[in-house]
Amino acid sequence: MPELPEVETTRLGLLPTVLGQRIASVTVRDRRLRWPIPRNLAKQLTGKTVIDIARRGKYLLWDCRLDDARGYLLSHLGMSGSLRVINADDENLLPQKHDHLDIGFDSGVTIRYTDPRRFGAMLWIAGPLPAHALIDALGPEPLSGEFGGAHLQAAAKGRSVSVKEFIMNSQVVVGVGNIYASESLFRAGIHPGRSAGKVSRPRFVRLADAIKYTLQKAIDAGGSSLRNYVQTNGELGYFQVNACVYDRAGLPCRVCQTLIRTFRQGQRSTYFCPHCQK
DNA sequence: CGAGAGTCCTGAAGGC
DNA sequence: TGCCTTCAGGACTCTC
């Protein structure tokens, strides 16, 4: 499932193919995503040139222009989505069951959006600014200088919610999904069930550093995922072979050999080492 | 405002 | 073999 590293990997994979390229056609096969694909999306995109693709959290913002007309394709991969590059001479050009949208370019290349569970999004933001309710209230980027222990502590003041759910809240910090939340808390030595408001400043500093480390390492590795992530070139993504705790319930901790435990938080599975995390 | 539950969806996995 | 149930997950949305 795409987390921030996969989204960043996707962005980097798309850039050399689509930058400066004009969109020749848009084919929508199934509008039913997290929100319906707007009926005017194809009309808005066709003829425009992609100037840039920026990332905000797990959203991608495709900056599209045609003369003075400007707007942004706002895309999200949900949990099973992928965007891949298909060249005109590729085999298997025929769309498969869950290939919901194609963006064809003058160059002959097609960007194909696939999303079996349809939790993703493809929306259109009209105008010169990438402003949209879905991204306007987002917290800082985890890899930016803006994000650190001080930010976490300030945002956690008075909050009783568990620290794991806290760091998964996109208004606190973007891009920390279920896998990396458990992994980061393990690295920081913090029990996931602890109240966010009761975590000390030094431990928040450790946690922020752990989040940065975990995400950066995954980005460097080219993105990791569990099952059905597909990189932009169509190759399977890296499997999550390096997880310390995620999906390792009952297996020995890689540090202390204590058995990893799991429990539910906010309808999500959490994994932790009862010895290493307090 | 915060906390917690509900919601969308499909495919994998487990039970019988 | 095949049907039925349960679970997984991002993150918005609703309720209290």
Side-chain angles (χ1 to χ4, degrees), chain A residues 1-11 29-38 55-61 74-83 95-101 113-123 125 132-142 152 154-184 192-199 211 215 218 223-230 236-237 239-240 243 245-250 262-271:
Chain A
M1 47 225 66
E3 296 221 32
L4 186 143
E6 286 84 353
V7 177
E8 181 64 10
T9 300
T10 295
R11 187 181 78 86
R29 300 188 189 82
D30 193 338
R31 299 186 181 282
R32 298 172 301 160
L33 301 182
R34 178 72 171 81
W35 299 276
I37 295 177
R55 181 185 57 75
R56 189 71 181 89
K58 296 179 190 172
Y59 293 94
L60 291 181
L61 286 156
L74 178 65
S75 67
H76 194 293
L77 298 177
M79 64 166 290
S80 61
S82 67
L83 285 162
Q96 303 298 304
K97 184 177 179 182
H98 300 297
D99 295 341
H100 305 314
L101 178 141
Y113 174 66
T114 305
D115 189 356
R117 294 184 188 178
R118 296 197 267 112
F119 276 21
M122 285 285 169
L123 298 171
I125 303 174
H132 193 282
L134 290 173
I135 54 176
D136 291 346
L138 293 178
E141 289 290 326
L152 284 178
K157 190 175 182 184
R159 301 284 297 273
S160 63
V161 70
S162 73
V163 63
K164 193 238 185 181
E165 291 173 274
F166 176 70
I167 60 173
M168 287 181 68
N169 182 340
S170 64
Q171 294 188 11
V172 173
V173 57
V174 297
V176 181
N178 199 45
I179 297 172
Y180 294 119
S182 280
E183 292 299 307
S184 299
R194 179 174 291 273
S195 289
K198 294 185 175 176
V199 175
I211 289 170
L215 292 174
S224 61
S225 77
L226 288 185
R227 295 182 180 85
N228 46 16
Y229 173 66
V230 181
L236 284 177
F239 282 77
Q240 187 83 21
V245 290
Y246 186 81
D247 207 23
R248 297 194 69 240
T262 184
F263 68 110
R264 304 284 291 179
Q265 285 184 294
Q267 298 156 297
R268 290 288 175 272
S269 296
T270 295
Y271 299 85

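Every value quoted in this text rests on a predicted model; they were computed, and no experiment measured them. We name chains A, B, ... by the order of the sequence lines, and we start the count at 1 in each one.
Between K97(A) and R268(A), it is R268(A) whose nearest contact on DNA chain B lies nearer the 5' terminus. Of the two residues contacting DNA chain B, namely S160(A) and Q267(A), the nearest-nucleotide position lying further toward the 5' end is that of S160(A).
Atom pair E165(A):CD and dA3(B):P shows a separation of 9 Å (rounding to whole Å applied). With rounding to whole Å, Q265(A) atom CD is found 15 Å from dA5(B) atom C1'. For M168(A) and dG10(C), the CE to P distance is 5 Å, given to the nearest whole Å. Nucleotide dA11(C) holds its C1' atom 7 Å from the NE2 atom of H76(A), rounded to whole Å. F119(A) has its CZ atom 13 Å from the P atom of dT7(B), to the nearest Å. One interatomic measurement links the two molecules: CG of D115(A) to P of dG10(C), which rounds to 13 Å at whole-angstrom precision. Between the NZ atom of K164(A) and the C1' atom of dG10(C) there is a distance of 12 Å, rounded to whole Å. Atom NE2 in H98(A) sits about 9 Å away from atom P in dA12(B), given to the nearest Å.
Between its two ends, the helix from dG2(B)-dC16(C) to dC16(B)-dG2(C) turns its axis by 50°, counting five pairs per end and rounding to 10 degrees.
Using a 4.5 Å cut-off on side-chain heavy atoms (C-beta onward), V199(A) and F166(A) make no contact. Side chains of L33(A) and L101(A) form no contact here, defined as non-hydrogen atoms less than 4.5 Å apart. Contact of the N178(A) side chain with the M79(A) side chain is not registered, since no non-hydrogen atoms from C-beta on lie closer than 4.5 Å. Using a 4.5 Å heavy-atom cutoff, the side chains of Y113(A) and I37(A) are not in contact. The shortest distance between side-chain heavy atoms of Y271(A) and D247(A) falls below 4.5 Å.
Counting atom types as modelled, R117(A) pairs a side-chain N or O with a base atom of dA8(C) as donor and acceptor under 3.5 Å.
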How far apart are the C-alpha atoms of H100(A) and R118(A), what are their side-chain angles, what is the distance that settles it, and do they pass the side-chain contact (heavy atoms from CB on, under 4.5 Å) test?
-> CA-CA 9 Å; H100(A) 305 314; R118(A) 296 197 267 112; 3.3 Å; yes
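Here the CG-NZ distance, from L152(A) to K157(A), works out to 15.5 Å after rounding to the nearest 0.5 Å.
A salt bridge is absent between R268(A) and E165(A); no separation between the charged side-chain nitrogens and carboxylate oxygens falls under 4.0 Å.
Within the structure, a side-chain polar atom (N or O) of S269(A) is placed less than 4.0 Å from OP1 or OP2 of dG9(C).
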Please list, for nucleotides 12-16 of chain C, all pairs of protein and nucleotide N/O atoms separated by less than 3.5 Å.
{"unit_1": "dC12(C)", "atom_1": "OP1", "unit_2": "Y59(A)", "atom_2": "OH", "d": "2.7"}
{"unit_1": "dC12(C)", "atom_1": "O4'", "unit_2": "R34(A)", "atom_2": "NH2", "d": "2.9"}
{"unit_1": "dC12(C)", "atom_1": "O2", "unit_2": "R34(A)", "atom_2": "NH2", "d": "3.3"}

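A side-chain donor-acceptor contact under 3.5 Å links R264(A) and S269(A).
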